[in-house]
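Heads up: the structure comes next, in structure tokens.
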Amino acid sequence: MIKSVQVPSLERPLIGFDPKPRGSHTIPMPHDLPKAYDPTAIEDHWAEYWVREKLFAQPASAADDPHQAEQFSILLPPPNVTGRLHMGHMLNQTEMDILTRWRRMSGRRALWLPGTDHAGIATQMMVERQLTEEGKTREQLGREAFEARVWEWKRHYGGAILDQMKRLGASVDWSREYFTMDENLSVAVREAFVRLYEQGLIYRGAYIVNWCPRCQTAISDLEVVYDEHKGHLWEIRYPVVGPDGGIIPDEFITIATTRPETMLGDVAVAIHPEDERYLHLHGKKLRLPLVGREIPIILDEWVSRDFGTGAVKVTPAHDPNDFALGERHHLPSINIMDTTGHINEHGGAYTGLDRYVARKRIVGDLEEQGLLVGVKDHTNNVGHCDRCKTVVEPRLSTQWFIKIQPLADKAIDAVKTGAIRFTPEMYKKTYLNWMENIHDWCISRQLWWGHRIPAWHCGMCHKITVARVDAVACAHCGSAEITQETDVLDTWFSSGLLPVSVFGWPNITGDNRADFDTFYPTSLLVTGFDILFFWVARMIMLGCWFSTDVPMPDGSPRPLAESVPFKEVYIHALVRDANREKMSKTKGNVIDPIEIVKKYGTDAVRFTLASMASPGTDIAFNVARTEGYRAFANKIWNAARFIFMNVDRAEAAGVRMDRSWFTTPPQLSNESRLEELWIASRLNRTTHYVNLALEKYRFDDAANFIYQFFWGDFCDWYLEIVKIRLNFSDSADNSTAASSLAMLLFIFQTSLRLLSPFMPFLTEEIWHALYGGKPPRESIALTSYPQYEQHDWFSQLKFDSSEIAMNHLQLAMERLQNAITSLRARRKELGVDEKLFVNAKIASGKSGILRKNLEILQNIDIIQKLAKINDLEIVFFSDRDPGGKYGHLDWQTFGAVDVFVEFENRVDPAAERDRLTKDIAKYEKGIAAAERQLGNEGFLAKAPAHVVEGLKKQESETRQLLEKALAALDALPRE
Ligand SMILES: [Zn+2]
Ligand SMILES: [Zn+2]
């Protein structure tokens, strides 16, 4: 009977791998790293280096380049020039940077294009605020001087957010940085406007717009935020006019309104034609209280009989529904408010009053005249200006519009045909739903900062001249008495053009031609839900519309699939606080990414965001996780230091190292060591999963796979095992140590590349140090991304496929790991000092010990080292009770193995009794529960067969453990 087994020789060389130095590219010294990982120092250094060396500049491919790589292009959603980086930017940019770095390393011609938006309202407000502090107004300055002032502001403060991006290492092409008011982009804006005008798609008209009395401009529906507001509903009597023109006593129509001041602009009262209450009033007129105007009663089916009194006052100039009613019934519009929210000259006695002062006065006057029937509390949604929070006023004004068809239909087709795909997919529905109900787009804004509309009004013939070059005379009558339109274009008009304008449109010639051919359509847009309509939809409309005119590189007409501004849209989630609350200044729970970066380093913050980012899932940002990833970075840092120390030791022992060790995968064979085969298979599998996860925007999966691999597999196991191999000496044969070092260097270097898109700074620093400051490329970001080796790596092994080989290796390693963790656990139970080496035995596998647990037999040295064991004896399961000086109570079961740790005088019978008693209680409880379930006929009738089988098996296993524990308790010496 075999009691113990001969341990295979440790000196077995790796077959098929030649550790002897090759070539003359030895690794230069030194490759040391500072002792402590200090993210701030290394990040500042590399951030500056990447920008200075223009590492991520991406020129267009020359048409005759034979190695035309597939492109990957992505536009940075341009932050407002007034902006400061917040957590949303940080997430958005982290995702874009990971994808761009990954695609670049995977061989794509990657271009990430940055820029800022001139942000009409926001920037104008910023400068106006400065002027207020100086006691000035923009009107005092005049338009030209004000614009100059804004440009000056931009020069001083405008680059802040991009500077933050630079510091955070965004791998964008800074040579292409744009500003939406740049000359070339302004040319595109003007061309787009003129072209749409010529195509009859831009018109000027009166329209009810959302007017901000503070910003003094029209704002889009999307820029209005609605808040619930506790207000009142005033019920007012409008007297009926008799045939003699006087008032009929006691004949009224009562209307209800939340904005009584607007009655100054009333032009009618509408009722439903079939409303029986008012049939006798058809054709009659009313006397508008306070104003005295006679207004008609009109009949319209739009009026709801069930709401309020069933009678509606009609104020076309101050309500969008009333405006539509007015159009239908050819009613006049009376605008009673000026641009600042004060009652204008049409307001009679109320002229000059602020809208809320006027409201109060009007209500008082109505009450006095006995026309106020009632006041009710009423909660309604009140629109506020998104910028300045002032209550917006629906107001009639003359604006410029884009006729949305046929642009919208084309943009709908682009998504319906799959030329543009959305992730998460649900946004496709949201987008289509919105596009199918879209109204004409009001593109004019009454601001001074922005692209001024290229239209001139003629003082003679009053016609409009729209021109690409500033007009000097009216195109209709030739008069020189013309003035330029004072309105500017909505900011989204210029940013909607970016995908075409940044690549040179409308001048698609020369370099622009190559750029456009190479990078349009862009590959991907990563953005937040909040600008899906503001920006994404507008880019699709304008991109599809204007790029159609640009022929394909071969001169053929551009199909819709190539006209789209981007092929994919990834809508990222929200970053919330640790309690899943939305961050808001009011709640005071806003996390400043710059502060967190200062504390933990960019890499740790990036990794935190990545590890939680997946399509459609909001992120609950928790600093505790960032702390954890800071520790992860530190772990890698220390691993690097350990490896470098061994490189130095190897050199000192005369081992000549070769750079190819870093990049050439060592050949594997059936004779290779388990830890090497295993780590290679783990790396290969991780590589596979990470690449797949990134294809699906599963940043979380990708980050977590890398984390598990680097920390769990590489640092916790492989590095610990490799330590045994790396015993270089001057005298002995160093081939085993050298081959192990070569494998270690290859695995480490590959892992760094795998991690690089997620932690670009840390990996850059270590990678440069690995090459002693003389790396083969300027940056690890320019090396190749690890790819899954489906056949090559494991082709020498005895398995049918790489997949089977990797599964086998994983199981084998798990058995070895189980033996080690079992011994460690038993040591802990016995209270063995952590540094103390003890003797131990392992029993396992009953009779199949040799075949099943070969990895244990072949790696006794690993077990000894990692579990701190002097003499390790491997025995058959049936022999585990040798009847030596310790009884079988000292054997403990851990999964598939029983272990015995020899630790004299340390077994405390009382503690053992305590432990065993607890175990017995636990087992008995488990058995009772299983019996209850197995005795329940209702359960047995419903439960699937495999569940019942599993339960029975579990019960019988627990019984065995119980018997063992009882026997052990019995064998304990009596007190
Ligand atoms: Zn405003
Ligand atoms: Zn004219």
Side-chain angles (χ1 to χ4, degrees), residues 3-4 716-717 720 814-846 849 853 856 860 862-934 951-975:
K3 282 215 169 180
S4 60
D716 281 357
W717 288 102
E720 292 304 313
E814 276 171 15
R815 286 191 290 266
L816 181 61
Q817 288 169 330
N818 182 47
I820 294 164
T821 50
S822 303
L823 286 165
R824 285 174 177 169
R826 182 59 185 154
R827 288 173 58 113
K828 215 170 174 186
E829 280 178 3
L830 293 173
V832 180
D833 187 282
E834 271 185 35
K835 292 188 188 99
L836 192 69
F837 275 75
V838 292
N839 296 335
K841 299 177 194 182
I842 294 176
S844 175
K846 295 195 172 163
I849 180 165
N853 281 322
I856 291 179
I860 284 182
I862 294 176
I863 301 174
Q864 284 175 310
K865 191 85 181 178
L866 269 58
K868 300 213 165 58
I869 306 296
N870 280 328
D871 292 332
L872 182 66
E873 193 180 353
I874 311 290
V875 298
F876 280 135
F877 195 77
S878 51
D879 299 329
R880 73 181 162 74
D881 189 0
K885 57 179 168 172
Y886 306 104
H888 91 254
L889 69 100
D890 289 309
W891 284 91
Q892 286 305 318
T893 305
F894 293 92
V897 295
D898 276 13
V899 300
F900 168 86
V901 170
E902 191 176 304
F903 189 53
E904 260 182 294
N905 306 326
R906 296 290 174 95
V907 179
D908 172 2
E912 274 299 281
R913 177 171 293 114
D914 208 38
R915 187 179 68 79
L916 287 165
T917 312
K918 271 187 200 149
D919 281 355
I920 288 164
K922 188 174 76 191
Y923 299 147
E924 283 173 340
K925 211 171 145 194
I927 291 165
E931 275 177 342
R932 236 188 346 268
Q933 273 208 298
L934 290 170
L951 206 58
K952 282 184 179 159
K953 195 168 162 237
Q954 197 187 337
E955 192 211 356
S956 94
E957 281 169 5
T958 315
R959 265 183 209 290
Q960 283 176 20
L961 289 168
L962 175 66
E963 275 163 33
K964 229 180 93 176
L966 285 169
L969 188 66
D970 202 40
L972 273 179
R974 303 269 166 233
E975 281 167 275

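Predicted model only: the values in this text are computed from it and were never measured.
Residue E931 holds its CD atom at 10.5 Å from OG1 of T958, rounded to the nearest 0.5 Å. With rounding to the nearest 0.5 angstrom, the NZ atom of K925 is 14.5 Å from the CG atom of L962. One finds the CD1 atom of I927 at 8.5 Å from the CG atom of L961 (value rounded to the nearest 0.5 Å). Between K865 atom NZ and F837 atom CZ the span is 6.0 Å, to the nearest 0.5 Å. Separating the NZ atom in K918 from the CZ atom in R913 is a distance of 14.0 Å, to the nearest 0.5 Å. If you take CD1 on I920 and CZ on R915, they are separated by 10.0 Å, rounding to the nearest 0.5 Å.
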Exercise for the section: Applying side chain to side chain contact (heavy atoms under 4.5 Å, CB included), run through N839 and I869 and close with a yes or a no. Expected result: CA-CA 5 Å; N839 296 335; I869 306 296; 5.6 Å; no
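The one candidate from L816, I862, L866 that meets the side chain to side chain contact (heavy atoms under 4.5 Å, CB included) condition with W717 is L866.
Summarising the geometry of L951 relative to A930, their closest heavy-atom pair is CD2-O, 4.4 Å, with the distance given to 0.1 Å. Minimum heavy-atom separation, E834 to K868: O-CD, 3.2 Å. In terms of heavy-atom proximity, I863 sits nearest to A819 at CD1-CB, 4.3 Å. The minimum heavy-atom distance between Q864 and N870, with the atom names listed, is NE2-O, 2.7 Å. A867 and L823 get closest at one heavy-atom pair: CB-CB, 3.9 Å.
With sequence neighbours excluded, no residue satisfies salt bridge (Lys or Arg N to Asp or Glu O under 4.0 Å) with D871. For E963, the side chain to side chain donor-acceptor pair (under 3.5 Å) test picks out no residue, with sequence neighbours left out.
Judged by distance alone, the side chain of R827 and the main-chain N or O of D833 form a donor-acceptor pair under 3.5 Å.
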